[in-house]
Asks: 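One structure, pasted below without further comment.
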There are 2 protein chains.
Amino acid sequence: MALRYALLGLLAKNEATGYELNHQFKETMIYFWSAHHTQIYRELLKLEENGLAQSKHVHQTDAPDKKIYSITEKGREVLQAWLLEQPSVTPKLKDEFLLRVSLFQNLPTAKAVEYLQTSKEQHKQGIQMMKEWRGMNYPDGLYKKSDLGEYLTSGFGLKYMESWVEWCDWAITELEKRNGDE
Amino acid sequence: MALRYALLGLLAKNEATGYELNHQFKETMIYFWSAHHTQIYRELLKLEENGLAQSKHVHQTDAPDKKIYSITEKGREVLQAWLLEQPSVTPKLKDEFLLRVSLFQNLPTAKAVEYLQTSKEQHKQGIQMMKEWRGMNYPDGLYKKSDLGEYLTSGFGLKYMESWVEWCDWAITELEKRNGDE
DNA sequence: AGGGTCATGTAAGGAGTTACATGATTGT
DNA sequence: ACAATCATGTAACTCCTTACATGACCCT
């Protein structure tokens, strides 16, 4: 059900096409949600069926036609109700990289260190990109009220990546300490 | 497919029943993977079908009968091969709480702050529990080679929760700064 | 000439969740 | 008396992923 509310949340800000919503997902939600475009398009059809969103068909000559979705009053109410519900306690993360890390005793140390180093570099790049994005979107730390959630979660994303990098450094040190006794 | 390797990884350490594997998941993998017992039992049946694990039935009088699974040579090979594959770049986290946070502009500030405070307390308790668990399992920071992965990922879990708490503090401050202009 | 962007979808299959089912023993 | 622990599963359902499909325009 969460995808439904993620889409309603984005539509509560601005009307958008499925294509745009897909990009917004990738841009601002990577650190806590993800969805394929196929899933987004199907969920949008359901939103419309249930009267939570409505669409208007727009004909274009220079590009394929598109459907612009907007949230309905009922959609806003449903979103509100969900937000006021008691959130469940479970975090429920799924990270395949950490799953691999949990099995590092089955790999040669050098290979494990290599994995960590690659991941560290990727996250360092992510930090760089996030900083630029935030600098662009919130100059001088200022943001619109409607961007509050995005501001807070992008702050989380940054912190998450920073602590990931620190953890990589720690883990590499730990691996190198043990190097030799395998 | 990842669940399959998670189970093979646990079985590579020790033979275990589905019931035990379910508990091991909850104890040591919460910060990067999760699975319901129903899924685990189904996957174990498949592992056996594919010759990656084998089971022996054990009759008990004081408790229900059980099936002890152990990894086969083929299972170890398949696990090895997966570990050596290039890990994919995508993190693919799903966190319903952060999804709610991303929509905080639709909630009264007081409610948003309350959510953050509750989450902060939960994570502080998690840190406490994790520290005790690590103190018990790795006295003086020492661990067995076979626990390397667990040692590294539990270190990650600790760091993750700590940075979560820090982020909550920051987010609460940000919310309180804006309080009044809604 | 080839790749990227815009734009929307269907179909098939795999992964994950929820409800149901059983039943003895142990602890509060 | 009631809840938790041990122990395993089926069935129905929803959610998510991957492959396939179309086609014009723009940039290098």
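Chain letters run A, B, ... following the sequence lines, proteins first, then strands; residues in each count from 1.
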Asks: Please check: side-chain N/O of A:Gln125 versus main-chain N/O of A:Gln122, any donor-acceptor pairing under 3.5 Å?
Replies: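 Flag not set: sc A:Gln125 to bb A:Gln122 has no pair under 3.5 Å.
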Asks: Test: side-chain hydrogen bond (donor to acceptor under 3.5 Å, both in side chains). Region: residues 152-163 of chain A. Which pairs qualify, not counting sequence neighbours?
Replies: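 Sorted pair list: A:Arg134-A:Ser154, A:Lys159-B:Glu166.
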Asks: Is any side-chain nitrogen or oxygen of B:His36 closer than 4.0 Å to OP1 or OP2 of C:dG16?
Replies: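 Answer no for this pair, as no side-chain N or O of B:His36 is under 4.0 Å from OP1 or OP2.
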Asks: Can you measure B:Leu44 atom CG to C:dA15 atom C1' for me and round it to whole angstrom units?
Replies: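 Those two atoms, CG and C1', are 15 Å apart.
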Asks: Residues of residues 47-55 of chain A with any non-hydrogen atom less than 4.0 angstrom from an atom of DNA chain C: list those, numerically ordered, please.
Replies: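 Residues of residues 47-55 of chain A under 4.0 Å from DNA chain C: none.
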Asks: Rounded to the nearest Å, what distance is computed from the NE2 atom of residue A:His37 to the P atom of nucleotide C:dG4?
Replies: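 A:His37 atom NE2 is separated from C:dG4 atom P by 16 Å.
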Asks: Can a salt bridge be assigned to the pair A:Glu96 and A:Arg100 using a cut-off of 4.0 Å between side-chain N and carboxylate O?
Replies: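 So A:Glu96 pairs with A:Arg100 through a salt bridge.
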Asks: Can you tell me which residue pairs pass the side-chain hydrogen bond (donor to acceptor under 3.5 Å, both in side chains) test with a partner in residues 28-47 of chain A, sequence neighbours excluded?
Replies: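 Sorted result for residues 28-47 of chain A: A:Arg4-A:Glu43.
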Asks: In residues 15-32 of chain A, what residues come within less than 4.0 Å of DNA chain C, judged by heavy atoms?
Replies: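 Hits under 4.0 Å, by residue number: A:Thr17, A:Gly18, A:Tyr19.
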Asks: For B:Gln39 and C:dA15, is the shortest distance between a side-chain N/O and OP1 or OP2 below 4.0 Å?
Replies: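 For B:Gln39, the contact criterion (side-chain N or O under 4.0 Å from OP1 or OP2 of C:dA15) is not met.
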Asks: On DNA chain D, nearest-nucleotide positions of B:Lys94 versus B:Pro64: which is more 5'?
Replies: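 Closest to the 5' end, via its nearest nucleotide, is B:Pro64.
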Asks: Rounded to 10°, tell me the angle between the two end axes of the helix from C:dA1-D:dT28 to C:dT28-D:dA1, each built from five pairs.
Replies: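 End-to-end axis angle: 50°.
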Asks: Has the side chain of A:Thr38 got a donor or acceptor atom sitting under 3.5 Å from an opposite partner on the base of C:dT10?
Replies: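 Side chain to base: no pair present.
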Asks: Below 4.0 Å from chain A heavy atoms, what is the first contacting nucleotide of DNA chain D and what is the last?
Replies: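 The footprint of chain A covers D:dC15 to D:dC25.
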Asks: Find the distance B:Lys46:NZ to C:dG14:P and express it as a whole number of Å.
Replies: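 Distance, rounded to whole Å: 8 Å.
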